[in-house]
Amino acid sequence: MKRYTWRTGVLEAVMIVTALIFAFPVYILFVQAFRPADDTGASPLVPPARPTLDNFAQAWNQASLGPAIVNSALVTVGSIALLVVLSALAAYPIARSTRTWSRVTFALFMLGLLVPFQLALIPLYQTMRDLGLLGDPLSLVIYYTGVQMPFSVFLYTGFLRGLDRGYEEAAMMDGAGPLRSFFSVVLPLLRPITGTVIILNVIFVWNDFLTPLLYLSGSGEQTIPVALFGFVGQYVSQWPLVFAGLIIGSIPVLAVYFAMQKRVIQGFAGGLKG
Amino acid sequence: MSKKLLAPLACAALALTACSAQGDEAGGGLTVTANSTDRVPMDAVVAAFREQHPDIGVTVTYADTDQLQSTLRTQLSSGTAPDVFTVWPGNGNPAALELLAPSGYLADLGDAEFAGRIPEGDRPVTEYEDTTYIVPVTYSGIGVIYDKAALTGLGAEEPTTWSELIDLCGAAAEEDMSLLALGNQTPWVTQLITYALAGTTVYADTPDFDERMAAGETSFADSGWKTAMEKYLEMEEEGCFNDNPLGTGYEASISNVVQGRSVGLVQVATTLSQVQSEAGDAELGMFALPATDDPEQTLMPGSVSAAYGVNSEASDPQAAMTFVEFLGSAEGQDIYATEGGTLTALPDDAREIDPALTTLTDYQSQGRTVPFMDQRWPNARVQQTHFNVIQQLFAGDITVEEALAEMDDAYLSE
Amino acid sequence: MAPHAPGVAPTKGGGPPPPRGRGRTRPHHLSVPWWFVLPALAFFAFVVLVPALRGAMYSFTDWDGLAREYSFVGFDQYRALLADKGARGALLHTLVIAFAVTLVQNLVGLLLALGVNTAIKSRNVLRVLFFAPAVITPVVTAYLWKYLYSPQGALNSALDVLGLGAWAQDWLGDSGIALWSVVAVIVWQFSGYSMVIFLAGLQSIPREIYEASDMDGAGPVRRFWHIVRPMLAPAFTINLMLSLIGGLKLFDQVWVMTQGGPGGATDTLSTVIYREAFQFNAFAYSTAMAVVLTLFVIVSSGAQYGYLARQERKNA
């Protein structure tokens with residue numbers, strides 16, 4: 001490895017200072033969330049003298065975050081599972097074939113990345129209504145699977161293109177059907193990029209707001225962002241309370257991120273090879 | 001990897017179906033949407049309603065104004081709107097009565113018990129083509145909400161003339177405070193002071209201003225609106241407001257008052273409960289914002305504020321009507337107003353009123369109120385333009401003449 | 001959009017070399033099952049393509065988003081769009097945001113990646129930390145920054161404490177700087193994202209190249225410019241594409257922080273589209289704008305991709 005010189009030390013100091021500056025907003029977020037209600041006059045920079053978990057408890061109750069977390073989790077898991085399987089499946093022929101249809105299909109998917117959400121919003125809503133899916137979290141699963149398909153296909157295709165065919169050819173058993181070969185041979189090879197696909201899609205699905213609000217209104221169901229925003233709307237000037245709620249809502253995604261962050265880097269590295 | 005995926009996938013699917021089935025049962029009764037600012041009063045009303053009608057289930061969804069208007073409209077156009085929902089009185093607003101009623105989305109509430117009790121002055125905003133379509137629930141007004149201790153600390157009383165007001169601004173500045181907190185970063189806040197001033201500068205002399213505008217006989221540029229905007233800017237020059245009003249939002253403006261940096265703020269009466277909840281024990285008052293040196297001329301903007309309509313295609317119209325009648329009943333109105341810190345829209349002499357709101361009720365009974373101006377505008381663009389030009393005026397990007405010209409254009413645009 | 005034009009040989013490096021086995025002894029052409037794409041295509045078409053086409057169809061009508069009936073009006077909405085002063089301002093802001101974000105975010109991301117990809121001890125922790133903001137809901141970060149940016153907020157207080165009180169501004173209320181304040185938030189949130197992509201690119205540069213350049217006595221700057229930068233071409237492609245598209249479509253953060261204000265100073269095409277559709281009943285007008293925005297994104301990302309792909313081929 002490279003040597004650790006005094007210059008490296010200076011660099012390290014600079015990087016750490018940069019990191020501290022970057023972390024400043026998050027510091028404020030936490031400082032405020034732990035601040036007791038009677039302390040709000042104090043400077044926002046100073047940590048509270050008597051930090052409290054009251055805000056978290058209150059936010060949890062008031063925003064009905066429990067059921068919302070369950071809904072968010074179910075929708076997320078459902079969408080991600082479908083996305084991983086179907087986009088990997090689709091990426092395989094696209095990456096392996098250079099025929100026209102493959103290029104056209106890929107271009108079609110990429111077109112989806114460019115469309116702003118407002119264009120498709122209401123027509124899709126009407127379709128969901130006609131199918132009687134409104135108020136059912138399943139509608140969200142279908143939505144996210146469709147909406148995130150282009151990006152996931154993009155990631156898998158890039159990775160697959162860089163993957164040496166030798167693996168598949170070496171391990172492919174004669175006589176096995178294509179599906180079976182795919183699941184037992186190709187999919188495991190995709191593990192690095194699957195990590196990326198999962199984490200990036202989890203971030204998007206978990207944090208999406210307008211669509212769950214639209215689709216689940218009136219059903220009594222909520223996902224986390226919807227719950228948080230009803231909550232913020234009500235307690236709008238009580239920042240400590242609001243921030244506590246926001247932190248609770250962000251914990252699940254952050255937990256997944258910290259658990260899988262190694263995969264994210266590896267996945268990107270893999271994705272770049274393509 | 002495939003086997004490992006199938007199991008959780010199946011589980012998720014099952015769980016989701018179970019979840020939605022549960023959701024169906026919970027939401028099997030009435031569906032209601034309300035503004036998140038009204039969460040506390042609405043929850044209380046629903047609780048009381050369920051005690052009287054345990055057989056009718058009620059599910060309420062809350063969202064803030066912005067989201068409420070966008071989701072409601074999408075739902076209405078797709079035929080999946082809730083049974084009962086927030087409707088804004090009059091016009092001038094994306095989810096206002098006069099925008100929804102013509103398309104037949106609202107049920108006729110003319111036969112309801114409360115319909116006959118709606119005060120004459122409010123009928124223009126609760127009716128469309130002589131049919132009542134909404135139940136008015138709260139009545140609000142725009143004035144200066146302030147901390148009484150802070151005012152006496154300045155050695156002053158509620159100002160009743162323009163000159164007294166300006167002097168007071170100076171007095172506050174000397175104490176290193178601002179008289180009025182101003183949260184102009186939040187769009188809907190920008191309009192309040194114009195309304196408060198225009199109530200007097202426009203309607204004291206021209207009470208039929210709205211009719212004349214509709215007939216094309218006058219315009220914003222050609223009226224007391226000009227005076228109102230000029231006075232608004234004059235207040236800024238005289239140091240009446242906190243620093244950086246464009247960088248201060250609604251929430252921060254409230255904090256300014258609560259933390260003693262401002263004496264008060266111009267707001268709708270419904271903000272009273274918000275300020276009170278943060279200010280703890282501090283005693284609050286409310287007075288009308290003077291615009292001239294003749295106190296008798298001062299008019300306060302006052303209108304029906306929160307109102308609800310019934311979906312013309314509600315799955316259970318009977319239950320919806322029962323709920324809405326409860327909202328219109330003396331009991332329902334009382335609960336809503338008490339929990340929300342507002343006035344009831346349907347007058348109830350027997351009711352005890354928050355002392356801070358007495359000014360508003362006095363003006364109301366003396367007939368010295370003017371409806372919120374946007375309720376009488378023909379489209380939602382005027383209000384949005386108003387927000388925009390006030391922000392631009394404060395940024396020094398346009399002149400008052402240009403601002404009024406834009407509002408006139410917006411008025412005529414649809 | 002793949003960082004890899006079809007027809008160019010894939011770069012190797014996916015891992016250890018494939019095992020020798022019977023597969024290697026004959027040219028085995030895997031039959032590629034084209035029908036694998038069908039399920040993915042079905043979801044995509046159902047959720048994105050078909051509704052978008054229908055939405056675009058509405059742009060040729062006068063539907064107000066609410067009424068039960070509407071009629072076809074040809075290109076009227078598009079004509080109105082050309083005449084709309086506010087929309088032109090929003091277009092300008094959209095472009096400014098997209099280009100500023102692309103430039104600054106990638107610059108910061110690159111610098112961070114270069115800094116982290118050294119012998120410093122804290123590099124793993126730093127890597128995780130810098131990426132973390134990208135994981136938080138954009139609406140949450142927007143709310144957080146709105147609070148930080150307020151005139152009595154934490155940012156001005158911090159400047160004060162550091163003796164830089166004179167630099168305190170009305171970050172979101174001053175129409176001259178509001179747009180840049182918004183750009184800063186996006187950069188803060190996503191620099192880590194760009195950093196990670198650059199890091200992956202850096203880590204794929206074989207060590208021999210560094211050692212060779214060391215022997216040549218090349219200084220760090222020369223080494224970067226002539227050796228590292230070309231090898232980062234794929235990383236640049238991905239990063240620049242993603243940030244350009246994302247910047248052009250940006251909505252959540254602007255809406256939460258400023259709603260396009262003050263006085264329209266931070267309005268973007270996305271915020272205007274939203275407002276026209278949901279606040280003004282002008283749904284058909286708004287979809288016309290959405291169609292224009294889409295065309296815009298297609299054209300600019302197509303142009304950018306063409307340029308970057310050429311660069312990649314040059315440097316490969």
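Proteins get letters first, then strands, A, B, ... in listed order; numbering begins at 1 in each.
Of the two parts of A:F151, only the side chain, counted from C-beta on, holds a non-hydrogen atom closer than 4.5 Å to a non-hydrogen atom of chain C. With a 4.5 angstrom heavy-atom cutoff, C:L242 touches chain A only via side-chain atoms. In this structure, the portions of C:A132 lying under 4.5 Å from any heavy atom of chain A include both its backbone and its side chain. Both the backbone and the side chain of C:I298 come within less than 4.5 Å of a heavy atom in chain A. There is no contact between A:Y125 and chain C, counting heavy-atom distances below 4.5 Å. At a 4.5 Å heavy-atom cutoff, C:L248 makes no contact with chain A through either its backbone or its side chain. Contact of A:W101 with chain C is made through the side chain alone, with heavy-atom distances under 4.5 Å. Proximity to chain A is absent for every atom of C:L38, based on heavy atoms less than 4.5 angstrom apart. Only the side chain of C:S191 comes within less than 4.5 Å of a heavy atom of chain A; its backbone N, CA, C and O stay farther away. For A:T18, the parts lying near chain C are the backbone and the side chain together; criterion is any non-hydrogen pair under 4.5 Å.
Remark: C:M241 CE to A:F154 CZ distance equals 8.0 Å, nearest 0.5 Å. Note that CG of A:L119 is 5.0 Å distant from OG1 of C:T294, once rounded to the nearest 0.5 Å. With rounding to the nearest 0.5 angstrom, the CZ atom of C:F130 is 4.5 Å from the CE atom of A:M15. To the nearest 0.5 angstrom, C:T287 atom OG1 is 11.5 Å from A:L121 atom CG. To the nearest 0.5 Å, atom CG of residue A:L111 and atom CG of residue C:L49 are 7.0 Å apart. Atom CG of C:L41 is separated from atom CZ of A:F109 by 4.0 Å, given to the nearest 0.5 angstrom.
Interface remark: of the candidates A:G112, A:A19, A:P25, A:P25 forms the most heavy-atom pairs closer than 4.5 Å to chain C. Interface summary for chain C: among A:S97, A:A88, A:P93, A:G249, the most heavy-atom pairs under 4.5 angstrom belong to A:P93.
Taking the side chain as every heavy atom from C-beta outward, A:L200 and C:Y193 approach each other to under 4.5 Å. Residues A:T127 and C:F46 are in side-chain contact: their nearest non-hydrogen atoms beyond the backbone lie under 4.5 Å apart. Using a 4.5 Å heavy-atom threshold, the side chains of C:F36 and A:R96 count as separate. Using a 4.5 Å heavy-atom threshold, the side chains of C:F251 and A:P116 count as separate. Side chains of C:Y147 and A:V242 form no contact here, defined as non-hydrogen atoms less than 4.5 Å apart. Considering only heavy atoms from C-beta on, A:T105 stays 4.5 Å or farther from C:W34 through its side chain. Taking 4.5 Å as the limit, every side-chain heavy atom of A:T145 sits out of range of all side-chain heavy atoms of C:V47. Between C:Y58 and A:P123 there is a side-chain heavy-atom pair separated by less than 4.5 Å.
Judged by distance alone, the side chain of C:K249 and the main-chain N or O of A:L113 form a donor-acceptor pair under 3.5 Å.
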* Check against side-chain contact (heavy atoms from CB on, under 4.5 Å), C:F43 and A:L86 -> CA-CA 9 Å; C:F43 270 95; A:L86 296 184; 3.5 Å; yes
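Residues satisfying the side-chain contact (heavy atoms from CB on, under 4.5 Å) test with C:V161, not counting sequence neighbours, are A:L45.
Between A:F243 and C:Y143, the gap from one ring centroid to the other reaches at least 6.0 Å.
Each of C:V297, C:L293, C:L295 was scored for a side-chain contact (heavy atoms from CB on, under 4.5 Å) with A:L114, with one residue passing: C:V297.
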